[in-house]
Each structure stands twice: as C-alpha cells, then as structure tokens.
2 protein chains.
Amino acid sequence: MELEKITKKASRSYDDACGAAHALDLIGERWALLVMRELMLGPRRFSDLRAQLPGISANVLTQRLEGLEAAGIVRRARLAPPASVQVYELTEWGLEAEPILLHMGMWGARSPQHDPTLYFSPASLMLSLRAKFEPARAATTDVSLEMRFGGESYTAAVQAGRLTTARGAPARADAVVSGQPVTLIELFYVKTPLEVLEGQGRLAVEGDRGALLRFADLWEMPPKAG
Amino acid sequence: MELEKITKKASRSYDDACGAAHALDLIGERWALLVMRELMLGPRRFSDLRAQLPGISANVLTQRLEGLEAAGIVRRARLAPPASVQVYELTEWGLEAEPILLHMGMWGARSPQHDPTLYFSPASLMLSLRAKFEPARAATTDVSLEMRFGGESYTAAVQAGRLTTARGAPARADAVVSGQPVTLIELFYVKTPLEVLEGQGRLAVEGDRGALLRFADLWEMPPKAG
DNA sequence: CGGCATCCGGGAAGATACTG
DNA sequence: CAGTATCTTCCCGGATGCCG
C-alpha cells in the first residue's frame, strides 16, 4: 500500500523514448506552449504574460513557469537596475522550439473551424509573419515598419529578401501603424483594403502608406483544409 | 442556471485566433498527438493503436479518435473485403501535421532529461529517420532495408539522396534486420557496434551487412541542449 | 475479440480571494 | 506587482460490462 505511492511516477509521463513524446512531457500541459509563444520575442514579466494570455489564471501561470524552468526551457532573470524587476525568458534551447510553434500555427490556421476574429496577441502576429514569409516573393522589397499595439512598439522590416521581426521600434521606419494585431491580420491576410480599416477607425498610419501596402503584398492566406 | 450550462463553451478552448492556439484546441489534449504519430505511416485499427501506445486507456483512445474525427484530422475507413475491418486513418490535412511531430521530436530529443532507453514504437523510429535525414550526406548512398518488428515489416531505403520510409516490406531488400525499434536507435544514433548488438542477441541481420552499416552511417545523434 | 458506454477515484485546471 | 491559498469543476486513468 505504502509502496504503491512511492513507486508511482512523479507527474504523469508518457514513458516513451520518442522525442516528440518527451517534448509533450515537458511542454504538453495546458498553456505551456502559449506561454513560450509570448516569450519568443523576448523577456516578459509575470503580469505581462497574464495580460497577453486571456483566460490563464495566476496559479496555472505560476505552475507552468515553474515546470518550464525545471525543464531548462525558461529561466528567471532580473533586468539591469534601476528597473530591477524580475522577468522570465526562454533559454537558448527554449528559443529553438520556435519551429514547432510556426508549423503548428500554419497547420492550425488551415482548420475549417479556425476563427481569425478572436483575440490575437502581438507575439502571435510577429510569429505568423515569420512563419509565412516567402523570401523569393520579397527579393526586391525594402520596407521598415513600426507597429504600435497599445503603447508597445514592434518592428517588422524586409530587406534583401530577409525578414526582421522584433519587439521595440526600428531605428528608421518608413511607416508607423497603430491598431490591434487582429486588424493587421485583416490587412495582411484577409486583404481588407487599407482605406476601409482606416475608415472604421481601426487602423492609423503615419508616413509612407505605399510602404505599408508593399509589405502587405508579401503575405497571403493559406488555403483551408478539406 | 440552466443557461450557464448551455452558454458554456464546449470543451475548454483558448479562444485565441493564433493558429497555434487553435491547433492546441484540436490536438493539445493528452495522447492526441501520439495517436496521430501512430497513424502517420498508414491506417491502424483500434487495438493496434492501443498496443502501440502503452498506457493509454480504451476510453481515452475512443475520446481522442472521436475528437480528431470531428476536427477533420482522422477518418474512419473500412478495409476492402474480405478483411473488412474498421480502421482509422489520417485525412490529407492530418498528414500535413507531420512537420509538427518531426520538429517536436528533434527538439525533445535534445532535452537533458530525455531517456532514449524507454519504449520506442516502430512509427517513432520511422519518423525519426525522416526528421534527421540529411540529403547531402546521402547523395552517393543506395540502400534498401527491410526492418521486422514483431511480425510487421517496414521499409527504409535511400537512393539518389532521397529517403523512403513506409510500412510494408520493400520489393527488393539489400538486408533484412529483425529486432526492437529501440535497438536500431542504438545502432543508428548511439553508434553501438553491430557485432555487439548481434552478440547480445538483440539484432539479427540477413543479407548484405555492409548495406546496413552504410545506412547507419547516414545518421547521428544531435547535441544535447544546455 | 473489437469498439465502445459507464462508473469511480485522483489530480490538474479554473475562478476568486487574499497577501507581502 | 507577483504571486499564494482555497474551493470547485472537469479531465484522465482504471475497471467493469455490454454487444455485435
């Protein structure tokens, strides 16, 4: 009776040597991959993660961060003084999980049941750009954008067939666009005309509007499955 | 009171437009991705799936198959008479989830906590070969292998820098190797000498042993993370 | 025997409240 | 702001039983 408790393995494992099964042991719990998604563009503090992940509760976020830290995927860091706050960041190996997220995103977006009008986080937008970027299509494009989402700036730039996406404003921006991430999805993928989005007050553009349109031309919606 | 039950969304969703989040709504439940793994090499019947997934219970397998079928990832089929048994197979879109599994496998196998001595299914072995195949390294190799795992044959062949992996025996095999999948992992990745594995009675080879060794030379263990 | 439906116990997830 | 404590709900895993 007592022995059963001791023998019982700590936290359900698949006990499968397959690399994918072990990955699921580490990141297969609910919310884990979405926490990693939010960390893909750089360190985040606890409450920022909570804000970007509507629906997660504080105790679950605590548990996931603990688990990811124990697995060597996430590490705690402290920003340099004077802003010496604690943040969570992906380790190098954690960052290398990005292809999993990108392939999942491309595959999941093709589901017949996928609803692209729900909440969309800035990190999701930036990762979707990375996932669907086609270098050949962008060979002759040269654009640098600043995207502002509720006070936070992001960079999306294309030069010499290469895409740069990052948190923070670019050194030089051809255009600055403000709105919600989901609205940029509409512009880039659904191909809603820019004037319509501006007319609805959902998007504001400063600078070179042509640059924004050339950037938008680089993306398109993948075909639905089935 | 009654309304709450009706309004309550069917089975917890992330309510997130991110493609990866939606993918997790569909295949993020426990065992779902491993069921798909076992279907990646072709249709399987219920009890074969159970046998290849030690630890899954019948009711959970039923639920996962129902969920995957409702999502358009799996479909039921009936084999041609006289063997008119019901099998489960991936839809075309379900098959396209393979890159997710391959990247997860490569990433998970680099975990410091990964234990490659646990159970290993034939499907996992074949998918790991697909994941880690390097065409440049195999440009001049020409090998066709039959692998026998407990009465079931699999094909692994390399020709003109291309890898073919499938369930079923090849038309022509340079060598036929019998054993457990995990033993081939030792031969291909851990680089345990063939004579040792044979001496331990864990592997039996018929035909051209040099062909098996040339094939083994095409793979190597990726470096651990951290 | 294959393919489920049903019931039960334990544990993880979700919601809310609370604290340093 | 960054979590902890508590309570409830739901899912997972195991056992049993039904039925073609």
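Proteins get letters first, then strands, A, B, ... in listed order; numbering begins at 1 in each. What's counted below: heavy atoms across the whole structure, side chains too, no hydrogens, waters or symmetry copies.
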Whole Å only: how far is the CZ atom of B/Arg30 from the P atom of C/dG11?
14 Å
Output the rounded distance in Å from CZ (B/Arg64) to P (C/dC4).
14 Å
Out of D/dC12, C/dA5, C/dA13, which has the shortest distance to the side chain of B/Thr62?
C/dA5
C/dG14 P sits how many Å from A/Gln63 CD, rounded?
10 Å
May I have the distance from B/Arg78 (atom CZ) to D/dG20 (atom C1'), rounded to whole angstrom?
11 Å
Tell me whether the side-chain N/O atoms of A/Trp31 come closer than 4.0 Å to OP1 or OP2 in C/dG14.
yes
Calculate the interatomic distance between B/Phe46 atom CZ and C/dG2 atom C1'; express it in whole Å.
8 Å
For B/Glu66 and C/dT6, what is the distance between atoms CD and C1' respectively, to the nearest whole Å?
14 Å
Out of D/dG13, D/dC1, D/dA5, minimum distance to the side chain of A/Asn59 belongs to D/dA5
Rounding to a whole Å, what distance do you find between B/Leu49:CG and C/dG3:P?
9 Å
Nearest to the side chain of A/Arg45, which nucleotide is it out of D/dC12, C/dA13, D/dA2?
D/dA2
Whole-Å distance, B/Glu69 CD to C/dC4 P, equals 9 Å
Polar side chain donor-acceptor pair, B/His103 to A/His103, under 3.5 angstrom:
yes
After noting the C-alpha distance and the side-chain angles of B/Arg167 and B/Glu89, does the key distance pass the salt bridge (charged side-chain N to carboxylate O under 4.0 Å, His left out) rule?
CA-CA 14 Å; B/Arg167 208 148 65 204; B/Glu89 64 184 8; over 6 Å; no
If the cut-off is 4.0 Å, is B/Tyr88 near the phosphate of C/dC4, judged by side-chain N/O to OP1 or OP2?
yes
Between A/Ser121 and A/Gln52, do the side chains contain a donor N or O and an acceptor N or O under 3.5 Å apart?
no
Of the nucleotides C/dG3, D/dC12, D/dG3, which one has an atom closest to the side chain of A/Arg12?
D/dC12
Six-ring centre of B/Tyr189, B/Lys132 cation under 6.0 angstrom, axis tolerance 45°
yes
Which sits closer to the 5' end of DNA chain C, B/Arg76 or A/Ser57, going by the nucleotide each is nearest to?
B/Arg76
Distance flag, aromatic centroids of A/Tyr119 and B/Tyr14, threshold under 6.0 Å:
no
